[in-house]
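To keep things clear, I will list the structure first and then write my remarks on it.
Chain letters run A, B, ... following the sequence lines, proteins first and then strands; every chain starts at 1. All values below come from the heavy atoms of this structure, side chains included, with hydrogens, waters and symmetry mates left out. Note that the coordinates shown come from a computational prediction; the quantities given were computed from them, not determined experimentally.
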2 protein chains.
Amino acid sequence: MDTAKPDTTSRILDVSERLFVEHGFEGTSLRMITQQAGVNLAAVNYHFGSKDALFEAVFLRRLAPLINACLSELDTLETQPEPSVEGLVMSFIRPCLMLSKDPSRGGAIFVRLLSRTLVENHRVLRETLSQQYSLFVERYSAAFQRVLPDLDAEERAWRMHFSFSVMFNAFAGNDVLKIFTRSQVVSARDPDMIVKHLLPYVVSALVAPARI
Amino acid sequence: MDTAKPDTTSRILDVSERLFVEHGFEGTSLRMITQQAGVNLAAVNYHFGSKDALFEAVFLRRLAPLINACLSELDTLETQPEPSVEGLVMSFIRPCLMLSKDPSRGGAIFVRLLSRTLVENHRVLRETLSQQYSLFVERYSAAFQRVLPDLDAEERAWRMHFSFSVMFNAFAGNDVLKIFTRSQVVSARDPDMIVKHLLPYVVSALVAPARI
DNA sequence: GTCTATATGGGGATAGAC
DNA sequence: GTCTATCCCCATATAGAC
């Protein structure tokens with residue numbers, strides 16, 4: 001078993017990922033990071049150049065594999081003669097599920113970080129990443145058009161928007177009802193439990209006949 | 001027309017609400033707030049005591065009216081012999097819509113702040129507010145049980161969870177797909193447009209027959 | 001690559017005059 | 001209630017020894 005501690009760069013990335021999601025970008029100091037990573041304070045600037053660049057590196061490490069897994073699922077789906085709505089939804093859920101079950105727990109944390117950074121509307125998502133992965137939305141838009149051809153484009157776009165919203169928040173573990181109650185209504189941490197209820201919910205909403 | 005500038009306390013609250021949602025709690029300094037509000041740096045500590053207390057005050061000003069509007073809608077609903085799922089969903093949407101259309105724009109900003117603070121998992125939502133408004137979840141849980149009696153409790157809780165998640169994020173203007181594309185898939189800023197598509201989406205998912 | 005020491009600036013909070 | 005001036009702490013970043 002490999003119990004040797006990873007190199008400095010990885011240790012910083014792992015700790016940063018956790019601290020950024022816990023305290024946010026502004027709320028996390030280099031002192032917290034380097035202390036918990038067991039490295040010297042100057043190490044972040046030596047290895048990454050700045051706190052901003054470190055933040056970006058945290059994303060670049062995990063986002064590409066996630067996107068590529070989704071695109072690969074879409075490739076497979078497109079070879080099928082009659083792709084189902086379930087299949088399309090699962091092409092997004094499956095990679096998220098994979099992340100959520102990451103034994104190192106880094107993946108599960110990353111989805112939360114993505115969610116938090118999205119709501120923070122941070123520069124790294126607005127600029128660096130959005131232009132890099134716009135293909136993702138194009139491919140999914142086309143795929144949704146294929147499985148839901150009877151909806152007009154506007155209604156289809158909204159259902160897609162809502163569906164990604166609920167799926168993403170489910171995996172990020174965002175529980176709106178937590179605002180109003182200490183005890184959670186659902187035990188939203190077991191990924192398989194999430195999917196068991198999430199998939200039928202989203203599919204039902206997507207395939208509902210259009211209102212007149 | 002009343003063009004007189006509001007008093008110092010209100011000005012600080014208005015500016016804080018906007019800056020907190022824009023830059024987050026940690027990313028907003030008292031210097032930014034007092035400068036934009038056109039008041040002295042010491043004013044925040046004089047009127048609110050601390051930055052933490054100011055943050056809490058920003059919430060307390062708007063959350064109580066929102067909750068009370070929802071509870072009042074539920075009261076009305078419970079006088080009806082056969083409340084519909086649409087009616088129940090609208091009992092949450094209507095007060096959110098009212099906020100989103102607040103002519104001073106403060107309300108619309110507040111929903112975003114609520115969303116951001118939820119994801120930040122800030123102390124003020126975890127401690128101060130959750131115990132104060134746990135009645136909200138109890139009332140909605142009971143109401144969902146009444147309109148969806150055929151679902152088992154677990155499935156109902158999950159559907160309720162997902163529904164609040166998608167509704168709340170819709171009003172907060174959170175667009176997951178923005179991560180991957182500069183241009184938004186939907187023009188998510190017109191509240192009426194949101195509701196026109198949101199209500200059917202949520203209702204379809206809620207009323208779908210339970211899977212075997 | 002790693003460390004210590006430090007430069008430089010901004011943060012929240014407050015004392016005390018007006 | 002409002003202002004100035006200031007305290008003290010912690011932030012990021014870097015210089016330079018090892």
Side-chain angles (χ1 to χ4, degrees), chain A residues 2 4-61 113 116-117 120 122-125 127-128, chain B residues 2 4-61 113 116-117 120-128:
Chain A
D2 184 14
K5 64 182 184 180
D7 64 5
T8 299
T9 301
S10 299
R11 303 246 304 290
I12 292 175
L13 285 172
D14 289 342
V15 170
S16 301
E17 191 167 55
R18 186 168 49 76
L19 289 178
F20 281 143
V21 71
E22 217 167 306
H23 305 105
F25 179 74
E26 311 271 4
T28 304
S29 70
L30 296 183
R31 282 177 167 81
M32 291 163 65
I33 293 170
T34 51
Q35 200 173 327
Q36 294 206 20
V39 302
N40 187 269
L41 172 58
V44 166
N45 275 287
Y46 177 80
H47 287 281
F48 298 94
S50 71
K51 189 184 174 186
D52 267 5
L54 166 63
F55 194 60
E56 211 170 297
V58 168
F59 281 93
L60 291 175
R61 179 174 63 152
L113 179 59
R116 179 165 183 160
T117 310
E120 280 181 2
H122 195 282
R123 188 188 48 75
V124 75
L125 285 191
E127 296 166 17
T128 312
Chain B
D2 184 15
K5 65 182 189 181
D7 64 4
T8 299
T9 302
S10 300
R11 303 248 302 291
I12 292 175
L13 285 173
D14 288 342
V15 169
S16 301
E17 192 167 53
R18 186 167 49 77
L19 288 179
F20 280 143
V21 71
E22 217 167 307
H23 306 105
F25 180 75
E26 311 271 4
T28 305
S29 70
L30 295 185
R31 286 173 168 82
M32 290 164 64
I33 292 170
T34 51
Q35 198 173 327
Q36 293 206 19
V39 302
N40 188 269
L41 171 60
V44 166
N45 275 288
Y46 177 79
H47 287 281
F48 297 94
S50 70
K51 188 185 175 184
D52 267 7
L54 166 63
F55 194 61
E56 209 169 300
V58 168
F59 282 93
L60 292 175
R61 179 172 66 151
L113 179 59
R116 182 168 181 156
T117 310
E120 280 180 2
N121 197 22
H122 195 280
R123 187 189 46 78
V124 76
L125 285 190
R126 269 205 326 275
E127 296 167 16
T128 312

Legend entry - Presence of A:T8 side-chain N/O under 4.0 Å of C:dG1 phosphate oxygens OP1/OP2: no
Legend entry - Whole-Å distance separating the CG atom of B:N45 from the C1' atom of C:dG12: 7 Å
Legend entry - Interatomic distance, B:R11 atom CZ to B:T34 atom OG1 [nearest 0.5 angstrom]: 11.0 Å
Inset, instruction - Measure from the side chain of B:H47, starting at C-beta and using heavy atoms only, and say which of D:dG1, C:dG1, C:dT14 lies closest. - result: D:dG1
Inset, instruction - Whole angstrom is fine here: how far is it from CE in B:M32 over to C1' in C:dG12? - result: 15 Å
Legend entry - Polar side-chain contact B:R31-C:dG12 base: donor and acceptor under 3.5 Å: yes
Legend entry - Nearest heavy atoms of A:L113 and A:V58, plus distance in Å: CD2-CG1, 3.6 Å
Legend entry - Flag side-chain contact, heavy atom, 4.5 Å: A:I33 against A:L54: yes
Legend entry - Whole-Å gap separating C1' (D:dA11) and CZ (A:F55): 17 Å
Inset, instruction - Classify the nucleic acid contact of B:T9 as base, sugar-phosphate or nothing, counting any heavy atom under 4.0 Å across all strands shown. - result: nothing
Inset, instruction - For A:L54 and D:dA11, give me the distance from atom CG to atom P, rounded to whole Å. - result: 15 Å
Inset, instruction - Taking only the side-chain nitrogens and oxygens of A:S29, find out if one of them lies under 4.0 Å from OP1 or OP2 of D:dA11. - result: yes
Inset, instruction - Give one of base, sugar-phosphate or nothing for B:T28, where a contact means two heavy atoms less than 4.0 Å apart. - result: sugar-phosphate
Legend entry - Atom-to-atom span, CG of A:L41 to C1' of C:dT2 - whole angstrom: 12 Å
Inset, instruction - Check side chain to side chain donor-acceptor pair (under 3.5 Å) between A:D14 and all other residues, then give those that pass, not counting sequence neighbours. - result: A:R61
Legend entry - Exceeds 12 heavy-atom contacts within 6.0 angstrom, atom CD of B:E127: yes
Inset, instruction - In whole angstrom, give the distance that lies between atom CD1 of A:I33 and atom P of D:dA13. - result: 11 Å
Inset, instruction - Could you tell me the separation between the OH atom of A:Y46 and the C1' atom of C:dG1, rounded to a whole number of Å? - result: 5 Å
Inset, instruction - For A:L30 and D:dT14, give me the distance from atom CG to atom C1', rounded to whole Å. - result: 13 Å
Inset, instruction - Select one nucleotide: of D:dG1, C:dT4, C:dA13, the one nearest the side-chain heavy atoms of B:K51. - result: C:dA13
Inset, instruction - Tell me whether the OP1 or OP2 atom of D:dT4 has a side-chain N or O from B:N40 closer than 4.0 Å. - result: yes
